Asker: 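Supplied in structure tokens, the structure appears directly below.
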4 protein chains.
Amino acid sequence: MAETRRGRGPSPQKTAETQARICEAALTRFLSEGFERTRMLDVARDAGLAKGTLYLYFPTKEALFEGVVTEMLGGAVERFDLEPPGEDEPTLDFVLRAMMPLVTDEQAELRQALFRLILSEGQRFPEVLVAYRKVALDPVLAAARRIGARARSRGEIQSDALERLPMLLLAPGVLVTMWNHLFPGEALEPSDLFRSYLGLLFDEADSDRRRGQQ
Amino acid sequence: MAETRRGRGPSPQKTAETQARICEAALTRFLSEGFERTRMLDVARDAGLAKGTLYLYFPTKEALFEGVVTEMLGGAVERFDLEPPGEDEPTLDFVLRAMMPLVTDEQAELRQALFRLILSEGQRFPEVLVAYRKVALDPVLAAARRIGARARSRGEIQSDALERLPMLLLAPGVLVTMWNHLFPGEALEPSDLFRSYLGLLFDEADSDRRRGQQ
Amino acid sequence: MAETRRGRGPSPQKTAETQARICEAALTRFLSEGFERTRMLDVARDAGLAKGTLYLYFPTKEALFEGVVTEMLGGAVERFDLEPPGEDEPTLDFVLRAMMPLVTDEQAELRQALFRLILSEGQRFPEVLVAYRKVALDPVLAAARRIGARARSRGEIQSDALERLPMLLLAPGVLVTMWNHLFPGEALEPSDLFRSYLGLLFDEADSDRRRGQQ
Amino acid sequence: MAETRRGRGPSPQKTAETQARICEAALTRFLSEGFERTRMLDVARDAGLAKGTLYLYFPTKEALFEGVVTEMLGGAVERFDLEPPGEDEPTLDFVLRAMMPLVTDEQAELRQALFRLILSEGQRFPEVLVAYRKVALDPVLAAARRIGARARSRGEIQSDALERLPMLLLAPGVLVTMWNHLFPGEALEPSDLFRSYLGLLFDEADSDRRRGQQ
DNA sequence: GATGAATGAGGTTTCATTCAT
DNA sequence: GATGAATGAAACCTCATTCAT
């Protein structure tokens, strides 16, 4: 609506596109090379820009990092909302349905890479860390806690561990992120790992799990 | 005693000391700053040496990294041998006794830092990665697999997940390493986390676990 | 005129000027100090630039050397084409007219310095050596060989030495290059040396030569 | 004689041997690498010594260079004495007999390498240059001048060039030194070159020269 | 005398950042 | 807005020289 501009001057649309190209290029570099080894020149080139232009959008490399990562967090990547389980749905089934996408959907790899990046560089960027915590982590932890409570109240597990330490539900996600990064040659299948993990928690027998997979 | 000297020249003993000082300084820097941000000059200074002296021991920064990290692996840090469980000892107890030290003993923090370091820089140092895998990881995975088999054969768990994916037993270790690095202000207690995790796997009730803790 | 600008950014003209300034500065340093003792910082300063700018034009000191020297060879310095002798022109006169400029013209000193440089550093820069051979040396040798053949066919000399070993005609050039470099205080006059040399070859009497000089 | 020493203290003999080993090692390095690229450590190692020991003999790298090169000049390498020609011996034959060894005897290569070294580094070491001039060059030039005078007085050549510019007689020596250094793959035979050169000067016909070679 | 660990000045090279066009 | 040449601080690494043993 208020987006109409008088003809002269820079087009806000083109600017937005450029910004997007920069972010994409920068994220890719940061993910694959880390912060220190990423060169501004490469980001600019990847984005199809001259070096100086990059500085019109981000005044320093640190700002580029913070901007790109937090924008990514603000974007669609990390939204997580738990729809309620069916009345009689076993919690195992519900978790598979609700949380598995976190490690299997099309953005799963990006999500994992982002996590590794924040793990590596987070100390230097406290604001990024806070944003990540708030936007990406806390909602998932809250969901995990509710799941733990539901499972215990239904007698599916005995322990209150998931309520006290909800991050335990994410442990296999962290594990697979690390493992597949370190040993891509013998990568684990995230869905298999996650399902097996839940099988352990809910003490499902082998035969059941395999049927379930089917 | 058997220290036969070739009469003249500097002492080989001092050399060993110097090497040790370098390694300690370098490891500390690498752990706290990462590879790129660690400067040779700082390592030298931390070790009480001039820049050039460092290069008498390690010809490049890469060599310093590889040398220090693999030496650390070869040292006492990562040794892991599983003593056999008692005849009737519950697997839960056995695991707590046998594996818990990995996350709680005095070297646990160093071990965790080393893991993070290899996670961050491993891609650039394939040999370090291979060494880590062989020395630190595989023995623990083999132990985890045996534990999983024993637990299933004794009917303590239903799933064969730990046999197929033994790294699942390490998941809370990975989790706590990452968590405490990212959020030192709300650090998790590794022993609590590990115990709770095992409680989930072996479906121990809350009261039991809490008694156990006592 | 045909200088179509892509509208924005720095001028390609200035770049060419800078390149020229670098080459001039570098060549001067290399000639007077040799490769090893030439410091990049000095080249940069001589060219009126900061250190880093030099690296925009040449990525290493080796590349600077190769670039500057081969460009020099490609330039006007070493071109040599033998115009044909007059029908009845004595070969002695012809050689004086045709080859003497190699040691007397305004570029003679540069040519000599370049030769000394390639002599000193050529082993480390095989490509420079090859280029020098092809561009500067072979054309002159071919001319020398033709001159030798002509002189013998006209009975001016008896020996076929110049045809088999045409570099002999260049011997005094090499000599004067070395001599004047080593003993600038008692420098030889290249034209005198060359003329005297030819006098020896063509067995001219003193009186004749002196008349010729006149 | 006066060399007898009281028993205690360092053996002057061993010292002399060590000095000789150092000189040999240093000269080899200087010849093959040049002054700048020669490292003291390598010289020491080549001489079978520790770095520090080298400094007991020569206090700096410059001193090592000067010492080694001038000692070499003082040694047997560059002595040159012209025995008188036979009464009726053609000057061509005499020169071949008297001067050819300069480019063909067993020390010829060393002599050539030394010349190249002094050519490259001489500017930085004026004393070396002076010594070389006095010890190696001037005697040969004086001989060349006498040879030129004899040849002219006997009518074998017309020109007085060799008397005025006696270094012309050495031109092929300089030439072959340079050529074989630059193009070892197509090295010239020094004796062939020198003989051919003299053939040109004394205007010997091809057939004669070839007979002479035989 | 001999050693080689230690030193640090000095050189090369990189790259985030600026700014005239 | 966009460009990329220019800058120079900062890092890596080398090697002549010293000196305690």
Side-chain angles (χ1 to χ4, degrees), chain A residues 9-11 14-15 18 36-45 48-62 64, chain B residues 5-15 17-19 36-42 44 48-62 64, chain C residues 5-15 17-19 36-42 44 48-62 64, chain D residues 9-11 14-15 18 36-45 48-62 64:
Chain A
S11 131
K14 205 172 162 198
T15 295
T18 302
E36 301 288 345
R37 291 179 60 81
T38 292
R39 287 174 301 151
M40 294 299 266
L41 179 59
D42 286 335
V43 173
R45 278 220 251 267
L49 299 170
K51 220 184 330 174
T53 311
L54 191 50
Y55 282 86
L56 298 177
Y57 291 81
F58 297 95
T60 65
K61 192 166 139 177
E62 274 77 14
L64 176 60
Chain B
R5 282 287 178 77
R6 269 154 307 139
R8 50 257 158 81
S11 102
Q13 200 164 330
K14 207 172 164 196
T15 295
E17 268 174 46
T18 302
Q19 171 116 2
E36 301 288 347
R37 290 179 59 80
T38 293
R39 291 175 307 152
M40 295 300 267
L41 180 60
D42 286 337
L49 299 170
K51 212 182 346 161
T53 310
L54 192 49
Y55 285 89
L56 296 178
Y57 290 81
F58 298 95
T60 65
K61 193 165 132 175
E62 275 77 14
L64 177 61
Chain C
R5 283 288 179 75
R6 271 154 305 138
R8 50 254 157 79
S11 102
Q13 200 165 330
K14 207 173 164 196
T15 295
E17 267 174 47
T18 301
Q19 170 117 2
E36 301 288 347
R37 290 181 60 80
T38 294
R39 290 175 309 151
M40 294 299 267
L41 180 59
D42 287 336
L49 298 170
K51 215 180 343 162
T53 311
L54 193 49
Y55 285 87
L56 296 178
Y57 291 81
F58 297 95
T60 64
K61 193 165 134 176
E62 274 77 14
L64 177 60
Chain D
S11 132
K14 205 172 163 198
T15 295
T18 303
E36 300 288 346
R37 290 178 62 81
T38 292
R39 287 174 299 151
M40 295 298 268
L41 178 59
D42 286 336
V43 173
R45 278 219 252 268
L49 300 170
K51 220 182 332 171
T53 310
L54 190 50
Y55 281 87
L56 298 178
Y57 290 81
F58 297 95
T60 66
K61 192 165 138 177
E62 275 76 13
L64 176 61

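This is a predicted model, so every value here is computed, not measured. Each chain gets a letter, A, B and so on, in the order the sequences are listed, and its residues count up from 1.
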Asker: When you get a sec, tell me which of F:dT3, E:dT13, E:dA6 is the closest nucleotide to the side chain of B:Thr53?
Answerer: E:dA6
Asker: Which nucleotide wins on minimum distance to the side chain of A:Glu62, given the candidates E:dA5, F:dG1, E:dT17?
Answerer: E:dT17
Asker: So which one's nearest nucleotide on DNA chain E is more toward 5', A:Thr38 or B:Leu49?
Answerer: B:Leu49
Asker: To the nearest angstrom, how far is D:Arg39 atom CZ from F:dT14 atom C1'?
Answerer: 9 Å
Asker: Give none if E:dA20 has no partner; otherwise give the nucleotide forming a Watson-Crick or G-U wobble pair with it, both distances under 3.5 Å.
Answerer: F:dT3
Asker: Atom CD of C:Glu36 to atom P of F:dC15: distance rounded to whole Å?
Answerer: 9 Å
Asker: Looking at every heavy atom in both B:Tyr55 and B:Thr60, which two are closest together, and how far apart are they?
Answerer: CE2-CA, 4.4 Å
Asker: With hydrogens left out and only the distance checked, is there a donor-acceptor pair under 3.5 Å joining D:Lys51's side chain and the base of F:dT17?
Answerer: yes
Asker: Figure out the CG/P separation between B:Leu41 and F:dC12, and round it to whole Å.
Answerer: 8 Å
Asker: Figure out the CZ/P separation between B:Arg37 and F:dC12, and round it to whole Å.
Answerer: 12 Å
Asker: Provide, to the nearest angstrom, the distance between the CG atom belonging to A:Leu64 and the P atom belonging to E:dC15.
Answerer: 16 Å
Asker: Please state how far atom CZ in C:Phe58 lies from atom P in F:dA5, giving the value in whole angstrom units.
Answerer: 14 Å
Asker: Sort out the partner of E:dG10 for me: Watson-Crick or G-U wobble, both distances under 3.5 Å, none otherwise.
Answerer: F:dC13
Asker: Are C:Tyr57 and C:Thr15 close enough that some pair of their side-chain heavy atoms sits under 4.5 Å apart?
Answerer: yes
Asker: Send over the distance from D:Asp42 CG to F:dA16 P, rounded to a whole Å.
Answerer: 9 Å
Asker: Heavy atoms from C-beta onward define the side chain here; which of E:dT17, F:dC13, F:dT17 lies closest to that of A:Met40?
Answerer: E:dT17
Asker: Closer than 4.0 Å, any side-chain N/O of B:Thr60 to the OP1 or OP2 of F:dC12?
Answerer: no
Asker: A:Leu56 side chain: which of E:dA5, F:dA2, F:dA16 is closest?
Answerer: F:dA2
Asker: Please tell me if C:Tyr55 has a side-chain N or O lying less than 4.0 Å from either OP1 or OP2 of F:dG8.
Answerer: no
Asker: Report the C-alpha separation of A:Val43 and A:Thr38 in whole Å, then their side-chain angles, then the decisive distance to 0.1 Å, and conclude whether the side chain to side chain contact (heavy atoms under 4.5 Å, CB included) test is met.
Answerer: CA-CA 8 Å; A:Val43 173; A:Thr38 292; 3.6 Å; yes
Asker: F:dA5, OP1 or OP2 - any side-chain N/O from C:Tyr57 closer than 4.0 Å?
Answerer: no
